[in-house]
**Student:** 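Pasting a structure here, questions to come.
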Amino acid sequence: MRIVLDTNCLLVSIQEYSDFHWLWRAFCEKRLGFCYTDEILNEYQEVISQYYSAALAKYVIDMIVNAPHAERTTLHYKWQLITADPDDNKFVDCALNGGADFIVSNDRHFNVLKDIAFPKVPVVRIEQFKHIL
């Protein structure tokens with residue numbers, strides 16, 4: 001199973017004491033794969049550095065980039081499906097171009113995708129994804 005992980009969910013999953021650490025652990029144990037783009041990695045780097053440290057951000061990025069079960073996705077088409085926060089489209093476009101099974105996000109801007117028939121982009125909250133995994 002491959003997912004695109006929104007930054008908010010990555011942020012809460014990387015700390016060992018977090019209730020959501022199971023998600024990062026599942027990735028590290030190769031029980032799930034990530035799709036990512038350079039733009040997504042840049043956002044991860046920026047946000048993790050801001051909330052935690054540059055050293056942790058580098059560690060997380062290195063883990064993702066060097067993992068054989070993480071795939072760098074090239075965007076051949078940008079759908080621009082989220083208008084309320086266009087910055088979130090990088091995750092949608094990555095999921096569609098990379099063939100991800102889900103986007104995992106707790107961001108309410110992704111709710112609009114439920115009403116779009118085509119292309120279908122399955123989005124689940126982190127709590128829901130635990131049951132799927």
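The figures that follow rest on heavy atoms only: side chains count, while hydrogens, waters and symmetry mates do not. Remember, it's a predicted structure, so these values are computed and weren't measured experimentally.
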**Student:** Test side-chain contact (heavy atoms from CB on, under 4.5 Å) on Phe34 and Ile3; report intermediate values, then the result.
**Tutor:** CA-CA 5 Å; Phe34 287 174; Ile3 64 168; 3.7 Å; yes
**Student:** Mind checking the OG-CG spacing from Ser105 to Leu10? Nearest 0.5 Å is all I need.
**Tutor:** 11.5 Å
**Student:** From Met63 CE over to Ile14 CD1, what is the distance, rounded to the nearest 0.5 angstrom?
**Tutor:** 11.5 Å
**Student:** In Å and rounded to the nearest 0.5 Å, what is the CD1 to CD distance from Ile132 to Glu127?
**Tutor:** 11.5 Å
**Student:** Got Leu96 and Val121 here, is their nearest side-chain heavy-atom distance under 4.5 Å?
**Tutor:** yes
**Student:** Please tell me if the side chains of Arg72 and Tyr36 come closer than 4.5 Å, counting only heavy atoms from C-beta onward.
**Tutor:** yes
**Student:** Would a distance-only check, ignoring hydrogens and angles, find a side-chain to backbone donor-acceptor pair under 3.5 Å from His69 to Phe27?
**Tutor:** yes
**Student:** Counting only heavy atoms from other residues, nucleotides and ligands, does the tally under 6.0 Å from CD of Glu16 exceed 12?
**Tutor:** no
**Student:** Quick one: which of Leu32, Ile40, Val104, Ile103 gives a side-chain contact (heavy atoms from CB on, under 4.5 Å) with Leu5?
**Tutor:** Val104
**Student:** Hey, could you give me the CG/CZ distance between Asp6 and Arg125, rounded to the nearest 0.5 Å?
**Tutor:** 11.0 Å
**Student:** Compare every heavy atom of Ser13 with every heavy atom of Leu23, then report the nearest pair and how far apart it is.
**Tutor:** CB-CB, 4.0 Å
**Student:** Please list, chain by chain and in numerical order, all residues satisfying ring-ring contact (aromatic ring centres under 6.0 Å, His included) with Phe110, sequence neighbours excluded.
**Tutor:** none
**Student:** Ignoring hydrogens, what is the shortest heavy-atom contact between Asn97 and His76? Give both atom names and the distance.
**Tutor:** OD1-N, 3.0 Å
**Student:** Indicate every side-chain donor-acceptor pair of residues 51-59 with a distance under 3.5 Å to a residue at least two apart or in another chain.
**Tutor:**
| residue | atom | partner | partner atom | Å |
| --- | --- | --- | --- | --- |
| Tyr52 | OH | Leu11 | O | 3.3 |
| Ser53 | OG | Leu56 | N | 3.0 |
| Lys58 | NZ | Asp62 | OD2 | 2.7 |

**Student:** Check whether Asn89 reaches the backbone of Lys78 with its side chain - one donor and one acceptor, N or O, closer than 3.5 Å.
**Tutor:** no
**Student:** Do Phe91 and His109 touch side chain to side chain, with heavy atoms closer than 4.5 Å?
**Tutor:** no
**Student:** Within the 4.5 Å heavy-atom criterion, are Phe20 and Gln15 side-chain neighbours or not?
**Tutor:** no
**Student:** Which pair of heavy atoms, one from Asp101 and one from Pro122, lies closest together, and at what distance?
**Tutor:** O-CG, 3.4 Å
**Student:** Please report the interatomic distance SG(Cys28) to CD1(Ile64), rounded to the nearest 0.5 Å.
**Tutor:** 9.0 Å
**Student:** Rounded to the nearest 0.5 Å, how far does CD of Gln50 lie from CD of Gln45?
**Tutor:** 12.5 Å
**Student:** Which heavy atom of Arg31 sits nearest to which heavy atom of Leu133, and what is that distance?
**Tutor:** O-CD1, 4.0 Å
**Student:** Same cluster or not: Leu75 versus Leu113, using hydrophobic residues (I, L, V, M, F, W, Y) connected whenever any side-chain heavy atoms lie under 4.5 Å apart?
**Tutor:** no
**Student:** Determine whether Phe102 and Gln128 make a side-chain contact, defined as any pair of heavy atoms from C-beta on separated by less than 4.5 Å.
**Tutor:** no
